[in-house]
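Below is one structure, written out as C-alpha cells; the observations come after it.
Proteins come first, then strands; the chains are lettered A, B, ... in the order of their sequence lines, and each starts at number 1.
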There are 4 protein chains.
Amino acid sequence: MSFIALSAQQTAELSQQLIDQGLIVAPESAKGRLLKSAARLFRTNGYERTTVRDLAKDIGIQSGSLFHHYPSKQEILRSVVEETILLNIETMKLSLSLNQDVRDRLYGLILCELQSILVDNGAEMAVLVYEWRGLNDENQSEILKLRDEYERLWIDVLEEAREQNLIVIPPAMLRRLLTGSISWSINWFKPDGDLSLEALAEMILSMALNTSKP
Amino acid sequence: MSFIALSAQQTAELSQQLIDQGLIVAPESAKGRLLKSAARLFRTNGYERTTVRDLAKDIGIQSGSLFHHYPSKQEILRSVVEETILLNIETMKLSLSLNQDVRDRLYGLILCELQSILVDNGAEMAVLVYEWRGLNDENQSEILKLRDEYERLWIDVLEEAREQNLIVIPPAMLRRLLTGSISWSINWFKPDGDLSLEALAEMILSMALNTSKP
Amino acid sequence: MSFIALSAQQTAELSQQLIDQGLIVAPESAKGRLLKSAARLFRTNGYERTTVRDLAKDIGIQSGSLFHHYPSKQEILRSVVEETILLNIETMKLSLSLNQDVRDRLYGLILCELQSILVDNGAEMAVLVYEWRGLNDENQSEILKLRDEYERLWIDVLEEAREQNLIVIPPAMLRRLLTGSISWSINWFKPDGDLSLEALAEMILSMALNTSKP
Amino acid sequence: MSFIALSAQQTAELSQQLIDQGLIVAPESAKGRLLKSAARLFRTNGYERTTVRDLAKDIGIQSGSLFHHYPSKQEILRSVVEETILLNIETMKLSLSLNQDVRDRLYGLILCELQSILVDNGAEMAVLVYEWRGLNDENQSEILKLRDEYERLWIDVLEEAREQNLIVIPPAMLRRLLTGSISWSINWFKPDGDLSLEALAEMILSMALNTSKP
DNA sequence: AATGAATGAGCTTTCATTCAT
DNA sequence: TATGAATGAAAGCTCATTCAT
C-alpha cells in the first residue's frame with residue numbers, strides 16, 4: 001500500500017498549533033491534566049458514575065477547587081468532547097492532505113479514528129461516543145456543529161470511493177455502519193494484544209471496500 | 001433470496017413458551033409492564049439518569065411500590081437484560097432451524113438482532129448494549145454466561161460462512177465489527193423512515209459477505 | 001431455707017384463670033403465638049428493628065394479615081407488656097401467699113422476676129424493661145398504673161425487711177438497685193450454664209440483705 | 001472515709017491529654033458538638049428513633065452536612081461509644097492511682113461510673129449501655145475489646161476486696177450485679193434531687209461490701 | 001381470616017455546587 | 001488558587017398500614 005502515515009513530529013506540531021490558537025489547553029497545564037483525568041474516568045465509569053470528588057482525588061485536589069477551573073461538571077464534559085473533535089478534525093485533515101489515493105485516504109480516516117478511540121491518551125473519544133447523553137441540550141447542539149464538520153470529511157472520501165465503484169453501500173449509510181464497528185472496538189480491543197491497530201484498520205477497510213484484502 | 005422469516009405466530013408461541021417455563025414474565029402482568037417501562041426509560045435516558053420515581057410515575061404507581069416487585073433498581077436492570085438475552089437466544093435458534101443456506105442463516109441473525117434493538121419492543125436490547133456498566137460486578141458475570149451462549153450462535157454461523165469462502169475476516173473479529181454496526185443503528189435508525197429493517201439487514205449482510213449484493 | 005416454691009401445676013392454673021378472665025390470651029391461640037413471637041423478636045432485635053414483616057414471617061403469615069389481629073404494631077407491644085405485668089403480679093401474689101418469713105418472701109419475689117426475665121418463655125419481661133420507650137405516651141401511662149401495683153408488692157416486702165433490720169438501704173432505693181441487677185441479668189445469664197436461677201436469686205438476696213450467705 | 005476524689009482540674013487535664021493524643025475530639029469543635037448532640041438524642045429517644053435530620057437540626061446544620069464529618073449514622077454511634085469508654089478507662093485509672101485502700105478504690109470506680117452515666121455530659125454512657133444493639137456486628141466486636149479493658153479494672157479491684165474478705169459474691173458475678181444497679185440509675189436518678197451522687201455511690205458500695213455503712 | 005399489591009411518608013445517604021477563609 | 005465546611009435537592013430504599021379480593 002502507498003499510505004503515508006502521520007509522523008510523531010507532525011502530530012506534535014499539530015497539537016502545539018491548536019494550543020497556540022487557544023482551541024485546546026496544554027496537556028501539562030492544570031486544566032489539561034484535569035481534562036485528561038476526566039476523560040479517563042468518564043470512559044471507565046461513565047459520566048454519571050464519576051463524581052467530582054473522584055475527579056478531584058484523581059488529580060490530587062479538593063473537590064471544591066475543581067470549580068476554579070470549570071464552572072460545572074457538565075462544562076468539563078463539554079470541554080473533553082469539544083477538544084477531542086477539534087483535534088480529530090485537524091488530524092484527519094492533515095492525513096488527507098498527505099494521501100491522494102482514495103483507498104489510502106479512507107484507510108487514513110479509519111486509522112485516525114481508531115487511534116483516537118483506542119490508544120492510551122484517547123479516552124476522550126470514547127466519551128464522545130458513549131457519553132453523548134451526558135451533555136445537556138444546549139451543549140449537544142453546540143457540539144453537533146463540530147460533529148457535522150467532522151462527518152463531512154468522512155462523507156467526502158466515501159463519495160469519492162463510490163464514484164470509483166469501490167463501495168456499493170450509499171456513503172451516508174456506510175459511514176454509520178463503520179462508526180459502529182470502529183467505536184465498538186473500545187469494548188474489546190486490547191492495545192497490548194496480538195492484533196495491531198493497523199491490521200484492524202485494514203480489516204475494517206476491506207469490509208468497507210467490499211473487495212478481498214490484497 | 002430463499003430466506004424463511006419467522007411468522008408473527010411463531011414469535012408469539014415462542015414468547016408464550018418462555019413465559020410458561022418461568023424464564024420471562026408475562027408482558028401484560030404488573031412485573032411485565034414494569035420491565036417494559038424500565039427498558040424504555042433506561043434506553044432513552046440511561047440507567048443512572050432514570051430514577052425509581054420516574055419509573056414508578058411511568059407505570060402509574062408510587063415509587064415505594066416498585067420494591068414490592070423488585071428488591072432494587074439494579075435488579076430491574078438485571079431482569080431487563082436477562083430476559084432480553086433469553087428471548088433473543090431462542091428467537092435466533094428458531095430462525096436458524098428454519099434456514100439451511102448459510103447466507104440465509106446469517107441474514108436471519110442480523111435481522112433478529114436488528115429487530116431486537118430497533119423495533120418498538122426492543123428497548124431492552126439497547127440497554128443490554130449500552131447499560132452494561134450499570135450492572136454491578138456480580139450481575140455482569142452472571143449475564144456474561146448467557147451472553148456466551150448467544151455469541152456462540154453467531155460464531156458458529158460465521159465459521160460455516162468461512163468454510164464456504166464467503167467471508168475473509170476471521171469469524172470472531174467479524175462478529176465484533178458487526179456487533180458495532182448493528183448496535184450503533186439505535187443511534188440513527190428511524191423505524192418510520194424510508195429504510196426498512198430488511199433493507200438495512202441486507203446492507204449489513206453484503207458488507208459482511210464481502211460480495212456485491214445480488 | 002424454708003422457702004415454698006410455686007409448683008408447675010399452680011403456675012399453670014394461674015395462667016388458665018387469667019385466660020378465663022380474658023386478661024391474657026391463650027398461648028396456643030393465633031394471637032397468643034403472635035405475642036410470643038413478638039416478645040422474642042422485640043427482645044432479640046429491639047422494637048424498632050423488628051419489622052412487621054419479620055413478625056409475620058416468624059409466624060408464617062403475610063404482613064398484611066397481622067392487622068386482623070392487632071390494629072397496629074404499637075398495640076402488639078402494649079399487649080406484650082401488659083400481659084407480662086398482669087401475669088407477674090398474680091404469680092408474685094401467689095408466691096407471697098405461700099411464704100410468711102420475710103427472707104422467703106423477698107427470695108420469692110427475686111426468683112419470680114428472674115424467672116420472668118430469663119426463662120425460655122420470658123422474653124416479654126425483657127421487653128417491659130428495655131422497650132419502654134417504644135410505647136407511645138398514652139400507652140406508657142396506662143401501663144404505669146399496672147406497674148405501680150407491681151412495685152407496691154416489692155416495696156411492702158422490703159418495708160417488712162427494714163422493720164426487722166434486715167436491710168439498711170431505704171426500701172424504695174434498694175428496690176431500684178435490685179431492679180437494675182435483676183434486669184441486667186438478661187445480658188449475661190445463660191440458662192444452660194453452671195449457675196442455676198435459684199443460686200443467682202440467693203446471691204441477689206444476700207446482696208440485698210446485707211448479711212453473709214448462710 | 002479516706003477517699004481522694006479527682007479534682008476538676010485533673011479531670012480537665014485528662015480530657016486535654018486524650019484530645020492531644022487524637023483519641024477523642026475536642027468538645028467545642030464541630031465534630032465534638034455533633035457527638036455531644038448525638039449522645040443526648042440517642043439517650044433520650046434511642047438510636048433508631050433519632051433521625052439524622054433530628055441530629056442535624058439539633059446542631060443547626062443541614063442533614064447532608066453531617067456526612068461531611070462522619071460517613072454514616074452508624075459511625076456516629078460508634079464514635080460516641082468509643083470515646084466514652086476511652087475517657088472512662090482513663091478517668092478510672094487516675095482515680096485508682098490516687099487511692100490505695102480497697103474500699104476507696106471500689107468507691108472510686110462506682111462514683112466514676114455513676115458520674116459518667118448521670119451527670120450532664122454523661123449521655124454517652126447511657127448509649128453505651130442501652131444502644132449496644134444499635135451497633136452493627138463489626139463495631140460491636142471492636143468496641144468489645146475496649147470494654148474488656150474497662151471491665152478488667154473492675155475485676156481487679158473486686159479481686160482485692162475478695163482477698164480481704166470484704167465481699168462474698170464471686171467478683172465476676174458481683175460486677176454484673178453492680179453494672180445493672182448502676183446503669184439502671186439512669187432511669188430514675190434526678191441530678192437536681194435530694195440524693196447526691198456521692199450518697200448513691202455509698203449505698204451501692206455498702207450493698208456490694210455486704211457490711212453496714214460505717 | 002388471609003392475601004398481596006399498593007400506599008406515602010419518611011428514612012439514610014449522595015453529590016454538584018457555594019463561599020468564607 | 002486552594003481549602004473544607006456547608007448547602008439543599010434529590011436519590012434509592014424501608015416500612016407500617018390499607019384494602020379489594
Side-chain angles (χ1 to χ4, degrees), chain A residues 29-31 34 47-57 59-77 134 136, chain B residues 29-31 33-34 47-57 59-77, chain C residues 29-31 34 47-57 59-77 134, chain D residues 29-31 33-34 47-56 59-77:
Chain A
S29 71
K31 277 184 124 174
L34 169 53
Y47 174 71
E48 315 287 339
R49 269 175 294 268
T50 303
T51 70
V52 293
R53 274 188 175 76
D54 293 338
L55 229 75
K57 196 177 175 188
I59 57 174
I61 60 172
Q62 291 294 111
S63 67
S65 309
L66 273 186
F67 295 88
H68 287 287
H69 300 288
Y70 286 94
S72 69
K73 184 185 172 190
Q74 172 72 208
E75 198 62 20
I76 296 174
L77 176 59
N136 60 28
Chain B
S29 72
K31 276 183 125 176
R33 274 181 294 118
L34 168 52
Y47 174 71
E48 320 285 341
R49 266 174 296 267
T50 304
T51 70
V52 293
R53 281 180 177 83
D54 293 338
L55 231 80
K57 197 175 175 187
I59 56 173
I61 60 172
Q62 293 292 108
S63 70
S65 308
L66 276 185
F67 297 88
H68 185 64
H69 301 287
Y70 287 94
S72 68
K73 184 186 170 190
Q74 170 73 206
E75 198 61 21
I76 296 175
L77 176 58
Chain C
S29 70
K31 277 184 125 174
L34 169 53
Y47 174 70
E48 315 287 339
R49 269 175 295 269
T50 303
T51 70
V52 293
R53 274 186 174 77
D54 293 339
L55 230 75
K57 196 177 174 188
I59 57 173
I61 60 172
Q62 292 293 111
S63 68
S65 310
L66 273 184
F67 295 87
H68 287 286
H69 300 287
Y70 285 94
S72 70
K73 184 184 170 190
Q74 171 72 209
E75 198 61 20
I76 295 175
L77 176 59
Chain D
S29 71
K31 276 184 125 174
R33 275 181 295 119
L34 169 53
Y47 174 70
E48 321 285 342
R49 266 174 296 267
T50 303
T51 70
V52 292
R53 280 184 178 84
D54 293 339
L55 231 82
I59 56 174
I61 60 172
Q62 292 293 106
S63 69
S65 308
L66 277 184
F67 296 87
H68 186 65
H69 301 286
Y70 287 95
S72 68
K73 184 185 171 190
Q74 171 72 206
E75 197 61 20
I76 295 175
L77 176 58

Separation of [N] [atom2] from [X] [atom1] (nearest whole Å):
| X | N | atom1 | atom2 | result |
| --- | --- | --- | --- | --- |
| D:K73 | E:dG10 | NZ | P | 15 Å |
| A:K57 | E:dT14 | NZ | P | 14 Å |
| B:D54 | F:dA11 | CG | C1' | 11 Å |
| D:L55 | E:dT13 | CG | P | 11 Å |
| C:L34 | E:dA2 | CG | P | 11 Å |
| D:Y70 | F:dA5 | OH | C1' | 15 Å |

First locate atom [atom1] of [X], then atom [atom2] of [Y], and finally report the distance between them rounded to the nearest 0.5 Å.
| X | Y | atom1 | atom2 | answer |
| --- | --- | --- | --- | --- |
| C:K57 | C:T51 | NZ | OG1 | 9.5 Å |
| D:T50 | D:L55 | OG1 | CG | 7.0 Å |
| A:R53 | A:S63 | CZ | OG | 4.5 Å |

Discussion item. Taking salt bridge (charged side-chain N to carboxylate O under 4.0 Å, His left out) as the cut-off, I'd like each qualifying pair that reaches into residues 59-73 of chain A, sequence neighbours left out, listed once.
Written reply: none
Item to complete: Looking at every strand, decide which applies to B:S29 at a 4.0 Å heavy-atom threshold: base, sugar-phosphate, or nothing.
Response: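 Nothing, no nucleic acid heavy atom in range.
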For nucleotides 6-8 of chain E, tabulate all protein N/O to nucleotide N/O atom pairs closer than 3.5 Å, reporting atom names and distance.
residue: E:dA6; atom: OP2; partner: B:H69; partner atom: NE2; Å: 2.6
residue: E:dT7; atom: OP2; partner: B:Q62; partner atom: N; Å: 2.8
residue: E:dT7; atom: OP2; partner: B:S65; partner atom: OG; Å: 3.1

Worksheet item: How would DNA chain F look in dot-bracket form, 5' to 3', counting Watson-Crick and G-U wobble pairs with both distances under 3.5 Å and writing | for bases paired to another strand?
Response: .||||||||||||||||||||
Worksheet item: side-chain hydrogen bond (donor to acceptor under 3.5 Å, both in side chains) with D:S72: which residues, sequence neighbours excluded?
Response: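 For D:S72, no residue satisfies side-chain hydrogen bond (donor to acceptor under 3.5 Å, both in side chains) once neighbours in sequence are set aside.
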Discussion item. Under the rule for side-chain contact (heavy atoms from CB on, under 4.5 Å), what residues qualify as partners of B:Q62, not counting sequence neighbours?
Written reply: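 B:Q62 satisfies side-chain contact (heavy atoms from CB on, under 4.5 Å) with B:S65 only.
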Fill in: Set of residues satisfying side-chain contact (heavy atoms from CB on, under 4.5 Å) with respect to A:K31, sequence neighbours excluded
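Here the qualifying residues are A:V25, A:S29, A:H69, A:Y70.
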Worksheet entry | Residue whose nearest DNA chain E nucleotide is more 5′ - A:T50 or D:V52 |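 The answer here is D:V52.
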Discussion item. Within the structure provided, determine whether C:Y47 and C:Q74 are in side-chain contact (heavy-atom separation under 4.5 Å).
Written reply: yes
Discussion item. Measuring only between side-chain heavy atoms, which start at C-beta, is B:I59 closer than 4.5 Å to B:L66?
Written reply: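 Side-chain contact under 4.5 Å: yes.
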Worksheet item: Hey, which of these two, B:F67 or C:Q74, hits DNA chain F nearer its 5' end, going by closest nucleotide?
Response: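 The residue whose closest nucleotide sits nearer the 5' end is B:F67.
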